[in-house]
Amino acid sequence: MKTVLVVEDDMGIQKQLKWSLSDYELVFADDRASAMTQLRRYEPAVVTLDLGLPPDPANASEGLACLAEILAVQPDCKVIVLTGNTDNEHALKAVALGAYDYYQKPIDADVLNIIIQRAFKLTELEQENQALKASSSAQLDIIGNSDAMIKACRTVEKIAPTEITTLLLGESGTGKEVFARAIHKQSQRANKPFVAINCASIPENLLESELFGYEKGAFTGANKTTLGKIECANGGTLLLDEIGDMPLSLQAKMLRFLQERVIERIGGRQEIEADVRVICATHRNLAEMVASQTFREDLYYRISEITLTIPPLRERGHDIIIIAKALLHKFNKEYHSQIHGFTDNAIQAMLAHSWPGNIRELQNKLKSAVILADNKLIDAPDLGLNSNNHNKLDTLRKVREQAETQAIRHAYAVANTNLSKTADLLGITRPTLYALIDKYRLHDLRHTDHEH
């Protein structure tokens, strides 16, 4: 059965709705706090929300605040607001804030059922549409369904079957190699090698031999003939990552290869044919480099027959959360952890952060959060991000709980997981320690106690 969250403080109306909406599984909440708890627990697609909630049921302020909070956590949720029969102004304000529809009391079961039915139907259509949009990116191992990424994936699908030389532009960490592999995977060369070389990470004097290979005896230490990356990619795809860092001296040789599709190894005289599709990538502005004569103009036009710009993470909207959830799933498996998800605070902090390091930065922050996390939900501080609740004061109970939990865990580690020693270090009795472990649900401490 489909779940509907009913946010209503009037028990009479709760009962009326229970009988009226018998086709759905109803979960109830009677104020904003319990509504948010139920929303996180059940993630309902449809919510009915009475705008007159405590502590100010005569006014709509608490109901409208609840609406805003629901949509902040679950933007696709269809919220149907219930209002008094003369309360048009608040109903329209709710719709302006993002409510799906409004319904004026007294409740007519048939009409409300139709509104809820339509809300679920719209949710199904949206989910199908998202699935269709995301299907191409899923095939390409690209996570996200923002408009910018869907457009980029469409471009990949169009250029992959061709042999056109592609230039991938994007900031460091945006996933340029992922896109290059996606192009290779969708091409007719998919069963042939994919070879990547980073022009920025190899010293200038070694880059030429890495690319073109060398004959035995070509230079000191060349004890045997060695194939370069271009020959290794024969029949497949070569990614020249950070081509903007390729030295000018090598650019002429690379241009000749792109035009003639032949190479000469260092120390060799023989021309070797190389059937390679070339994809280039850089975070630099090559047009500016051409203007300042630090990059060859003829090579620039040769490698940019098609240019694909990969958007930075900060411009990808809710993709940030989709990627974070996918990475969390991956790291849970990798580190045998059981983190359930993110707090609302963490989600808001991730959406607000500018991500100068893009996906690579998100990956690093999340990996350390999974390894170091003490709780089942990752919070903003776990990610090293500023909490958007920095003006909110914790209760004394909460502060005490955090301090005592931290002290217990620290003493437990120092005592090498021995609970008697842990109690001694903390200056408390063993029964008191057990009581605190139960109180703060630190049951993992008892399960690993060496004394049992």
Side-chain angles (χ1 to χ4, degrees), residues 2-40 42-130 146-147 317-318 321 344 347-348 351-352 388-389:
K2 292 169 178 169
T3 302
V4 176
L5 169 59
V6 175
V7 187
E8 173 62 69
D9 65 318
D10 186 317
M11 293 303 292
I13 294 177
Q14 278 194 18
K15 283 181 183 173
Q16 189 183 350
L17 288 171
K18 197 168 187 176
W19 292 113
S20 303
L21 306 175
S22 55
D23 291 342
Y24 304 100
E25 183 183 344
L26 302 190
V27 290
F28 293 95
D30 53 15
D31 60 15
R32 180 159 40 136
S34 59
M36 297 313 297
T37 300
Q38 297 287 61
L39 186 82
R40 279 188 285 270
Y42 294 98
E43 295 185 346
V46 176
V47 174
T48 69
L49 170 65
D50 178 17
L51 287 182
L53 291 178
D56 190 11
N59 212 317
S61 58
E62 188 68 7
L64 292 170
C66 186
L67 169 65
E69 206 169 332
I70 289 170
L71 294 176
V73 172
Q74 204 174 312
D76 296 330
C77 186
K78 304 292 174 281
V79 182
I80 301 158
V81 295
L82 303 184
T83 67
N85 56 4
T86 57
D87 200 6
N88 255 350
E89 185 189 337
H90 288 137
L92 293 173
K93 191 170 182 182
V95 171
L97 281 171
Y100 164 70
D101 205 343
Y102 69 91
Y103 179 73
Q104 292 178 330
K105 299 172 185 174
I107 289 164
D108 180 321
D110 292 337
V111 175
L112 188 55
N113 264 295
I114 289 169
I115 294 173
I116 291 173
Q117 220 173 351
R118 282 174 52 232
F120 274 110
K121 185 63 183 169
L122 181 58
T123 298
E124 282 171 27
L125 290 171
E126 285 175 350
Q127 286 170 348
E128 284 172 20
N129 189 33
Q130 290 293 352
S146 61
D147 290 344
H318 211 69
I321 309 306
D344 298 342
I347 287 171
Q348 294 308 316
L351 291 171
N388 61 350
N389 284 347

Got a second to check how far [X]'s [atom1] is from [Y]'s [atom2], nearest 0.5 Å?
X      : Y      : atom1 : atom2 : answer
Lys78  : Ile116 : NZ    : CD1   : 14.0 Å
Glu43  : Asp76  : CD    : CG    : 11.5 Å
Ile347 : Leu351 : CD1   : CG    : 7.5 Å
Met36  : Asp344 : CE    : CG    : 5.5 Å

Is there a side-chain contact between [X] and [Y] (heavy atoms, below 4.5 Å)?
X     : Y      : result
Asn88 : Gln104 : yes
Val46 : Ile80  : yes
Leu39 : Pro44  : yes

Between Asp31 and Ser34 the two heavy atoms that sit nearest each other are OD1-OG, 2.6 Å
In short, Gln38 meets Ala29 closest at the heavy-atom pair CG-CB, 4.2 Å
Expected output: side-chain Tyr102 to main-chain Lys93 donor-acceptor under 3.5 Å
no
Output a table of donor-acceptor pairs, distance under 3.5 Å, between side-chain atoms of residues 47-71 and any protein atom two or more places apart or on a different chain; print 'none' if there are none.
residue, atom, partner, partner atom, Å
Asp50, OD1, Gly52, N, 3.2
Asp50, OD1, Lys105, NZ, 3.3
Glu62, OE1, Arg32, NH2, 3.4
Glu62, OE2, Arg32, NE, 3.0
Glu69, OE1, Arg32, NH1, 3.0

Using a 3.5 Å cut-off and no angle test, enumerate the donor-acceptor pairs between side-chain atoms of residues 13-28 and protein atoms at least two apart in sequence or in another chain.
residue, atom, partner, partner atom, Å
Gln14, NE2, Glu8, O, 2.7
Ser20, OG, Gln16, O, 2.7

Looking at residues at least two apart in the chain, or sitting in another chain, which of them share a side-chain hydrogen bond (donor to acceptor under 3.5 Å, both in side chains) with Lys121?
none
According to salt bridge (Lys or Arg N to Asp or Glu O under 4.0 Å), who are the partners of Asp101, at least two apart in sequence or on a separate chain?
Arg118
